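Since this is a predicted model, take the numbers as computed values, not measurements.
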Amino acid sequence: MDNNKNKQLLLDKRYMRMALIWAENSYCKRRQVGAILVKDKMIISDGYNGTPSGFENVCEDENNETKPYVLHAEANAITKVARSNNSSEGATMYVTSSPCIECAKLIIQSGITRVVYANSYRLSDGVELLQRADIEIIYVDLEND
C-alpha cells in the first residue's frame, strides 16, 4: 500500500473511532449510530440517532419498535451543518453503520463525496444508491487492526 493510501486509512480509522464514541450519545436502545462530517481535515458536523430536539429521549415504543420520527445519525449531521456556516460540499461522512436509502438520498443532495462506514446495515439499497451517484464508499474494519 502506498504511503498516501496508508495515511488516509489511518485517518479514516481515527475518524471512525470518533464516530463510534459519538454514537454513545444516543438514547436509542436497539442500535446506537454516530456520524462525523469532515472537510479539509476539520470536523464540520456530527450527529447520532435520536428523537428531534425538544422530544423525549426515548427512541423505541412499548413494543421495542423504533418510533417513526427518530432521526438517523446521518440526517442529524447533515441538518446540523445546514444550520451552520459550513458547507458539506466535497466532505467525507464517517458513519458507524452503512446508510439506509433515505439517508443516502440526503448524502447525495448535500454534496458529500465520500462515505466511510464500519458496520453493514441489514439492507444494502442505501450503499447501492450512493454507488450509482459515484460517491466513494469505504468499509473500514476496526476489529482487525
Side-chain angles (χ1 to χ4, degrees), residues 5 7-145:
K5 274 196 188 282
K7 258 187 184 167
Q8 186 60 57
L9 180 63
L10 286 172
L11 214 51
D12 286 345
K13 286 185 175 190
R14 283 188 192 121
Y15 283 125
M16 185 56 67
R17 286 194 298 271
M18 292 172 80
L20 284 164
I21 289 167
W22 203 243
E24 294 173 14
N25 286 317
S26 173
Y27 287 91
C28 297
K29 291 182 175 74
R30 290 179 65 204
R31 176 189 293 237
Q32 293 180 310
V33 181
I36 304 277
L37 207 47
V38 176
K39 184 175 176 179
D40 302 324
K41 294 185 179 157
M42 189 172 71
I43 296 170
I44 60 167
S45 191
D46 52 57
Y48 51 87
N49 57 326
T51 55
S53 299
F55 282 66
E56 76 292 344
N57 288 320
V58 179
C59 298
E60 294 83 13
D61 63 19
E62 59 280 349
N63 298 318
N64 202 34
E65 295 291 321
T66 300
K67 292 178 180 177
Y69 52 86
V70 167
L71 287 154
H72 288 188
E74 303 95 319
N76 269 325
I78 290 168
T79 54
K80 194 172 182 180
V81 81
R83 291 178 72 173
S84 75
N85 292 326
N86 285 313
S87 166
S88 52
E89 191 71 40
T92 296
M93 176 170 280
Y94 294 88
V95 61
T96 56
S97 287
S98 58
C100 71
I101 193 135
E102 293 302 317
C103 289
K105 291 189 274 187
L106 293 175
I107 289 166
I108 292 165
Q109 290 300 94
S110 65
I112 293 166
T113 53
R114 206 165 160 266
V115 175
V116 181
Y117 69 95
N119 301 299
S120 292
Y121 182 62
R122 61 185 170 83
L123 301 173
S124 61
D125 52 358
V127 169
E128 290 162 14
L129 187 65
L130 292 172
Q131 288 168 333
R132 275 184 62 194
D134 289 325
I135 291 174
E136 187 182 358
I137 310 287
I138 310 285
Y139 165 73
V140 171
D141 183 2
L142 293 177
E143 301 293 314
N144 301 305
D145 264 344

Student: So V33 and H72, side-chain contact (heavy atoms from CB on, under 4.5 Å) or not? Walk me through it.
Tutor: CA-CA 8 Å; V33 181; H72 288 188; over 6 Å; no
Student: Is a donor on one side and an acceptor on the other found under 3.5 Å between the side chain of T51 and the backbone of E56?
Tutor: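 Confirmed, T51 side chain pairs with E56 backbone.
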Student: Is there any side-chain hydrogen bond (donor to acceptor under 3.5 Å, both in side chains) pair reaching into residues 78-91, and which pairs are they, with sequence neighbours excluded?
Tutor: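 Sorted pair list: D46-K80.
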Student: For atom NZ of K67, is the number of surrounding heavy atoms from other residues, nucleotides or ligands below 6.0 Å larger than 12?
Tutor: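 Count over threshold, so yes.
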Student: Out of curiosity, L71 CG to S53 OG, how far, rounded to the nearest 0.5 Å?
Tutor: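 Between L71 CG and S53 OG, I get 8.5 Å after rounding to 0.5 Å.
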Student: Tell me whether T96 contacts the main-chain N or O of G34 through its side chain, where contact means a donor paired with an acceptor under 3.5 Å.
Tutor: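 Yes, the answer is positive, given that a donor and an acceptor are paired below the 3.5 Å cut-off.
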Student: Determine whether D12 and Q8 satisfy the following criterion, side-chain contact (heavy atoms from CB on, under 4.5 Å), listing intermediate values before the conclusion.
Tutor: CA-CA 6 Å; D12 286 345; Q8 186 60 57; 2.8 Å; yes
Student: Looking at every non-hydrogen atom in both residues, tell me the closest pair between S26 and Q32 and how far apart they are.
Tutor: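 Heavy-atom minimum between the residues: O-NE2, 2.7 Å.
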Student: OH/Y139 to OG/S98 distance, rounded to the nearest 0.5 angstrom?
Tutor: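 Reported value, rounded in 0.5 Å steps: 10.5 Å.
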Student: Ignoring hydrogens, what is the shortest heavy-atom contact between I36 and Y15? Give both atom names and the distance.
Tutor: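 Closest pair (atom of I36, atom of Y15, distance): CG1-O, 4.2 Å.
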Student: Can any side-chain N or O of D61 pair as donor or acceptor with the backbone N or O of N63 at less than 3.5 Å?
Tutor: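 Answer holds: yes.
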Student: Rounded to the nearest 0.5 Å, how far does CE of M16 lie from CG of D141?
Tutor: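 With rounding to 0.5 Å, CG (D141) is 11.0 Å from CE (M16).
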Student: Please identify each residue that fulfils side chain to side chain contact (heavy atoms under 4.5 Å, CB included) with E102, with sequence neighbours left out.
Tutor: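 With neighbours one apart ignored, the set is C100, K105.
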Student: Looking at CG of L20 and NZ of K13, how far apart are the two atoms once the value is rounded to the nearest 0.5 Å?
Tutor: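 If I round to the nearest 0.5 Å, the distance is 12.5 Å.
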Student: Please report the shortest heavy-atom distance between N76 and Y48, naming the atom on each side.
Tutor: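 Looking at all heavy atoms of both residues, the closest pair is ND2-O, 2.7 Å.
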Student: On a heavy-atom basis, which atom in P99 and which in A104 lie closest, and how many Å separate them?
Tutor: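 Where P99 meets A104 most closely, the heavy atoms are CB-N, 4.3 Å.
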Student: Donor-acceptor pair, distance only, cut-off 3.5 Å: does the side chain of N49 make one with the backbone of V70?
Tutor: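 Side chain of N49 to backbone of V70, a donor-acceptor pair under 3.5 Å: no, none is there.
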Student: Give the C-alpha distance, both sets of side-chain angles, the deciding distance and a yes or no for side-chain contact (heavy atoms from CB on, under 4.5 Å) between I138 and T92.
Tutor: CA-CA 10 Å; I138 310 285; T92 296; over 6 Å; no
Student: Search all heavy atoms of G50 against all heavy atoms of C59 and return the closest pair with its distance.
Tutor: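 Reported closest heavy-atom pair: CA-SG, 3.9 Å.
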Student: Any donor-acceptor pair under 3.5 Å linking the side chain of E74 with the backbone of V95?
Tutor: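 No.
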Student: Can you name the nearest heavy-atom pair linking Y94 to R114, along with the distance?
Tutor: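 What the structure gives for the nearest pair is OH-NH1, 3.6 Å.
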Student: Can you spot which of I107, V116, T113, I135 makes a side-chain contact (heavy atoms from CB on, under 4.5 Å) with M93?
Tutor: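 Single side-chain contact (heavy atoms from CB on, under 4.5 Å) partner of M93 among I107, V116, T113, I135: I107.
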Student: Would you say S97's side chain and Y121's backbone share a donor-acceptor pair under 3.5 angstrom?
Tutor: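 Judged by distance alone, no pair lies under 3.5 Å.
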Student: What distance separates D125 CG from R132 CZ, expressed to the nearest 0.5 Å?
Tutor: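 D125 CG to R132 CZ: 11.5 Å, rounded to 0.5 Å.
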Student: Please round to the nearest 0.5 Å and tell me the distance separating atom CG of L106 and atom CD of Q109.
Tutor: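 Going from CG on L106 over to CD on Q109, the span is 8.5 Å.
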Student: Parallel, tilted or perpendicular: which describes the rings of F55 and Y69, with under 30° parallel and over 60° perpendicular?
Tutor: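 Because their plane-to-plane angle lies in the 30° to 60° range, the rings of F55 and Y69 count as tilted.
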Student: Are I78 and I112 side-chain neighbours, meaning at least one heavy-atom pair lies under 4.5 Å?
Tutor: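 I78 reaches I112 side chain to side chain.
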